[in-house]
Structure formats: C-alpha cells, structure tokens
Amino acid sequence: MFHFDRLYLLVFLPVVLIVYSLFKPKYRKYVLLAASYFLFYSISKKLIIYILLSTLSIHHLGIWLENIELKKTKALESVDKEEKKIIKEKYQKEKKRVLLFGVLLHIGLLLVLKYSPFFATNINSLLHLLNIRYTICVPKFVLPIGISFYTLMAVSYIVDVYRGKINAENNIVKLALFLSFFPYLIEGPIVKYDECSDTLFEGKKLDYKNVTFGAQRIAYGVMKKIVVADRLNLLIKMVFSNYSEFSGTVAFLAAICYTIQLYMEFSGTMDVAIGSAEMFGIKLPENFRAPFFSKTISEFWQRWHITLGRWFKDYIYYPLSLSKPLKKVMNFGRKHLGNYYGPLLSGTVALLAVWFSNGLWHGAAWKYIFFGLYHFTLILLNNLFEPLKRNICAKLKINRQSKLYRIVQIIIVFNLVVIGEMFFRADTLNDGFRMLGLILTDFNFKNIIDGTFLTLGLDLCDFAITLITLVIVFIISLMREKDISIREIVAKKPIVVRWLIYYVFIMFILIFGAYGANYVPIGPIYAEF
C-alpha cells in the first residue's frame, strides 16, 4: 500500500491539481469526478458498478420523494381541515414506503455482500450442533473499496431528503461526486450532503493558502502513518500472532502499541483526506478530536471516528428513541424509576441497537460484535452509576473538576480503550479472551527487564523515534484543544523561518520513516471495514 500512497501523493494528486486548475470553475466538478472514478476503478476495477448503481438509485429516489411532497402540497391547496389530515397521512405513508425501499436496497446490498458468508457459516455451525444434516452454501463476494462508507452516505442523503432537511439534487453529476470524491473514498470521513455541497461543486480557484495548508495537513498525516503506524506493525504482528509465548505484560504493551497504531494510521489517513480536499478549497468534517484526552467512554466516542458516531446517532439512535414503542417505555420508566433512570431505560434500548450496529459495521466477525457490545456495556455502566459516583464524591469532598481527578479518569478510559482494541485486533474472539487471561494472570515486568520487548522487531532507537513523534502529536493536539492553530502561527513567520520549519519537518519524515526490507507498510486499516 505504500507504493499506492507514494503514487497518490507524488503523481495522482499533483496531476489532478494541475488539470483542475486548467479548467473553468463550472467544469472543475467533472475533473474531480473523473479523477475519483479513475481512482476507484484502479483499485476495484469492474466493481465500480456498485457505486454507479448506488448513485443512480439515490438520484431517482430523491426526486421521487420530492415529487411526492410536491403532490401533497398541491393536493392541500383547496381542501378543508379534516381532508388535509387524511391527505397528509396518505402522502406521508407513500414517502415512508419509498424511504423504506431505498434504505433496504442499500443496507440490504451491503448485508448480502459483506455479511452473508458470516451468517451462512454461523447457521451451518448451529445446524451441526443440532445434528441437522443440512449445509448452507457459503457465498463469497469481492467487495468494492469503501462500500461501508458510501453506503452510509447514500442512506443519509435519502433520509435527509425524506425529512425535508435538504432538497433533492437533480444534477446526477453532483450526486456522483458526493458519493465518490476521492479524498474520502477509501476511509471516510462519512460526509453529509449538506455539509459539503457548498464547496464540493463550487470549483474554487487554487490559492496559496489552501494549497500550502492542505499540503501541511497531508505531511502531518504521512508522518503519523510511516513514522509511527508502519514502525509499530512489526511488534504488533509478532505478539498478536504468538501471544502464548509471552507474558501478560508483553500482551498488554502490544495492545497499547496497536491502539496507538490504529489511531496514528486512521487519523493520519483522515489528515491526508482532509488536506487533499483543502487544496481544492473543499471543507470536510473532522473525524478525530484528541480522543485520548477523554474522561469517559462516551466522550471518547464523541472524539473518535466522529462522523460514524454522528451517523449512528442521527439515523439509528434518535429515530428509535423517538419511536412510539420507546416513548411508552420511557413514560413507564419515568413513572416507576424516576426522571433519571426512566429515560435511561428507553435510551438503553436505542443505545444497544447503535452499538450492535457499530460492531457489525466494522466487520463480519464475532470479535467486532463483542467490540461493539463491550463499549455499550461500559457506557451503560457509567450511566447507571453516575448518580452513585456523584454522591460518593460529594460525601468524600472529591472535586470532580480537579486536574488530578481528570487525569485519573483519562488513564482509566485509556486502559479500557486498549482492552477493547485488543479484542478488535485479535485474530479471533477466543484469542482476545486468551490474551486478556494472560494480562490478568501473568502480568509481570520480567519480559521488560530481561530485554524481551526489544527483540520483537524494534530497538531502542525505534522506540525513541516513536516517542518523539507521539510527543509532537500530543503537543499539536493540545494546541488544537485550546483552539490554537499551529498552521496560522507558522504562516505568520518570516519566509526563511517558515521554510526552515517545513524543511525540518519533511526531513524528519524522510529520515525517520519506517522503510526497508524489515518493514511491511500497513494498508489503510479502516478500508477493510
């Protein structure tokens, strides 16, 4: 994948920028669409048919929904109050049927392509346990790149048109570009139509600030990936593949390394995506906001993969929470459990649906479902015991706003996240439990003291480079938390100082990047999902 990254950064993106600048603004969206389809085809070949069909379907469904709304408006022009109610109900039911068809079409296709082998395998296992001599054929499908991402974007478009939040887009070229724009094609972020339409189709002229700021963001992401994520891959692969040969301490440190790797790779890829779009004057939503500063698991998921969490909240959690059955549950809960635990009762049902879906979205395996339910359980327990924690802290006169209390919270959350990511990375769910067993029963520092940890593919120099890079990322993240833009600060420096900083940063990446025969560059991890 490194070769692809190199081609993307040194050939593909510069060529697209040059060609884009040669066209008039009204034609530039066609350049971006052609570049996006070229990239998609170069990776997935004939599987490009899936995103083409998805584009055609949401184009038609959006117009269909809007036409129903127009018919309703016309039908309401000259009728009395009682008839208006009947007409509204009639057209609302029609819109719901169209929406249901559109959602089932896209989610159904994703389920068939991505999850039918998983379901078939588990049904066969169940039939075997029941001594039923029947075997379901396990299908095998080749998935197009990014299908989990653009499917959610397609569904969000249809639902937002249905809700009247956006107008249906008549121009199919714009919809095609919305679904396939190359910076977020592989790993996101998951973009809503109304948050990118203002800049995506405008065809802005390339300007110095956008290009340089975009290039800086890309370089920052590349540093995260090739200096840290690729470097840690050797150790992570060795320990996770042979965890039984090590102590629980080594297993836990490998889990920490994987958590760091996942963050550096995924957030680094987001930096490249957002920076690439920024070069064209296109603004994409942020997908990470210093997640390891989180004081609760809920806060962590408000800072990690932000656009995925937002999608689940807007299109699963809220619709379920506001549904009639759960409103009845909430009213029942308020009556019998009070104003805190009553809404929590109905909210828990919606939360369970969100986290089951979140786990399954990441992959067709029990370890991913467990990963989702693990975080659901942590969030639920925190919600259940929040009043108790508040009362205990009040009685013991513990200041929950103090720095020490917050630091303790951050450390606890980090460790809980690491355990979750260990299951996420383990080859199977059973392997995850075995590694957890090692951590709980054989946690000692013997393998650290005797130097075992330095025989797993990385030496002291590698750890030093990793630590220095993490410190750089920490400082930049801390500045962002305080709304301080390091790019703006650098931009105001004299040109000599500014370019010296650029030069040092580029040389740091080139010199300390993980290269050579021993390093196997990791591909985009989230592209697999």
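These numbers were taken from a predicted model, which means no experiment stands behind them.
Taking the side chain as every heavy atom from C-beta outward, K205 and P25 never approach each other to under 4.5 Å. Contact annotation: the side chain of Y157 never approaches that of L61 to less than 4.5 Å [non-hydrogen atoms, C-beta and beyond]. Side chains of L152 and W361 form a contact here, defined as non-hydrogen atoms less than 4.5 Å apart. Annotation: side chain of L110 is in contact with side chain of S148 (closest heavy-atom distance under 4.5 Å). In this structure, I172 and T55 have side chains that are in contact, with non-hydrogen atoms separated by less than 4.5 Å. Taking 4.5 Å as the limit, some side-chain heavy atom of L262 sits within range of a side-chain heavy atom of W304. Looking at heavy atoms from C-beta onward, Q216 lies out of side-chain contact with Y220 at the 4.5 angstrom threshold. Here the side chains of V228 and I465 are not in contact, with every heavy-atom distance at 4.5 Å or above.
Not one N or O on the side chain of Y91 forms a donor-acceptor pair closer than 3.5 Å with the backbone of A75. Side-chain atoms of S346 come within 3.5 Å of backbone atoms of P343 as a donor-acceptor pair (strictly under, hydrogens ignored). Within the 3.5 Å criterion, the main-chain N or O of I379 finds a donor-acceptor partner in the side chain of N383. A donor-acceptor distance shorter than 3.5 angstrom exists from the side chain of R231 to the backbone of V227, with no hydrogens or angles considered. Counting only distance, with no hydrogens or angles, the side chain of N415 and the backbone of I411 share a donor-acceptor pair below 3.5 Å.
Because its NZ or CZ atom is both nearer than 6.0 Å to the ring centre of Y20 and within 45° of the ring axis, R28 counts as a cation-pi partner of that residue. Remark: K192 is not positioned above the aromatic ring of W311, lacking an NZ or CZ atom under 6.0 angstrom from the ring centre and at most 45 degrees off the axis. Seen from the ring of Y162, K95 counts as a face-on cation partner, given the 6.0 Å and 45° thresholds.
Note that CG of N170 and NE2 of H59 are 6.0 Å apart. Values are rounded to the nearest 0.5 Å. Atom-to-atom distance recorded for L65:CG and R163:CZ is 12.5 Å, nearest 0.5 angstrom. Summarising the geometry, atom CZ belonging to F280 is positioned 15.5 Å from atom NZ belonging to K29; distances are rounded to the nearest 0.5 Å. We find the OG1-CD1 distance between T469 and I509 to be 9.5 Å, quoted to the nearest 0.5 Å. With values rounded to the nearest 0.5 angstrom, T259 atom OG1 is found 9.5 Å from M422 atom CE. Once rounded to the nearest 0.5 Å, the distance linking CD1 of I68 with CD of E66 reads 11.0 Å.
No hydrogens or angles considered: nothing links the side chains of Q302 and S298 as a donor-acceptor pair under 3.5 Å. Looking only at atom types and distance, the side chain of D160 has a donor-acceptor partner in the side chain of Y315 under 3.5 Å away.
Between I282 and the choices L32, N210, I274, the side-chain contact (heavy atoms from CB on, under 4.5 Å) rule is met once, by L32. For the ring pair (Phe, Tyr, Trp, His ring centres under 6.0 Å) test with F178, the passing option among Y193, F201, Y150 is Y193; the others fail. Among the candidates R303, H305, R310, the single residue satisfying the side chain to side chain donor-acceptor pair (under 3.5 Å) test with N287 is H305.
Using cut-offs of 30° and 60° for the angle between ring planes, the F508 and F512 rings count as tilted. Note on ring orientation: taking the six-membered ring where Trp is involved, the planes of Y27 and F23 are perpendicular (angle over 60°, cut-offs 30° and 60°). Between H60 and W64, the two ring planes are tilted [angle within 30° to 60°]. Using cut-offs of 30° and 60° for the angle between ring planes, the F38 and F12 rings count as parallel.
Between F292 and F414, the gap from one ring centroid to the other is short of 6.0 Å. Taking the ring centroids of F118 and Y115, they lie at or beyond the 6.0 Å cut-off. Remark: aromatic rings of Y317 and W355 are distant, center separation not under 6.0 Å. Annotation: F288 is in aromatic contact with F266 [ring centroid separation under 6.0 Å]. Here the two rings, on F474 and F293, have centers that are under 6.0 Å apart.
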Query - Evaluation steps, side chain to side chain contact (heavy atoms under 4.5 Å, CB included), between S36 and L185 - result: CA-CA 8 Å; S36 300; L185 182 62; 5.5 Å; no
Report task. Determine, stepwise, if the pair E94 / K72 fulfils side chain to side chain contact (heavy atoms under 4.5 Å, CB included). Result -> CA-CA 10 Å; E94 189 177 349; K72 183 185 80 172; over 6 Å; no
Report task. For the pair I218 and S276, evaluate side chain to side chain contact (heavy atoms under 4.5 Å, CB included) and give the outcome as yes or no after the intermediate values. Result -> CA-CA 7 Å; I218 289 171; S276 297; 3.7 Å; yes
Requested in this report: List the steps and the verdict of side chain to side chain contact (heavy atoms under 4.5 Å, CB included) for F40 and I51.
Outcome: CA-CA 9 Å; F40 193 103; I51 198 169; 4.0 Å; yes
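In plain terms, the two heavy atoms of Y374 and G420 that are nearest each other are CE2-CA, 3.6 Å. Minimum heavy-atom separation, A255 to V418: CB-CG1, 3.6 Å. For the residue pair N171 and E169, the shortest heavy atom distance occurs at N-OE2, 2.9 Å. Considering every non-hydrogen atom in both P285 and P189, the closest pair reads O-CG, 3.6 Å. Contact between C257 and L232 at its shortest, heavy atoms only, is O-CD1, 3.6 Å. What you find for S54 and L179 is that their closest heavy atoms are OG-CD1, 3.7 Å.
In summary, K209 and E488 engage in a salt bridge, as defined by a charged side-chain N under 4.0 Å from a carboxylate O. Of the charged side-chain nitrogens involved, none lies within less than 4.0 Å of a carboxylate oxygen, so that K283 and E202 do not count as a salt-bridged pair. Here D271 pairs with K224 in a salt bridge; the nearest charged N to carboxylate O distance falls below 4.0 Å. Salt bridge annotation for R487-E278: present, with a cationic side-chain nitrogen under 4.0 angstrom from a carboxylate oxygen.
By the 6.0 Å contact criterion, OH on Y208 is enclosed, its count of non-hydrogen atoms from other residues, nucleotides or ligands being greater than 12. Heavy atoms from other residues, nucleotides or ligands lying under 6.0 Å from OH of Y37 number more than 12.
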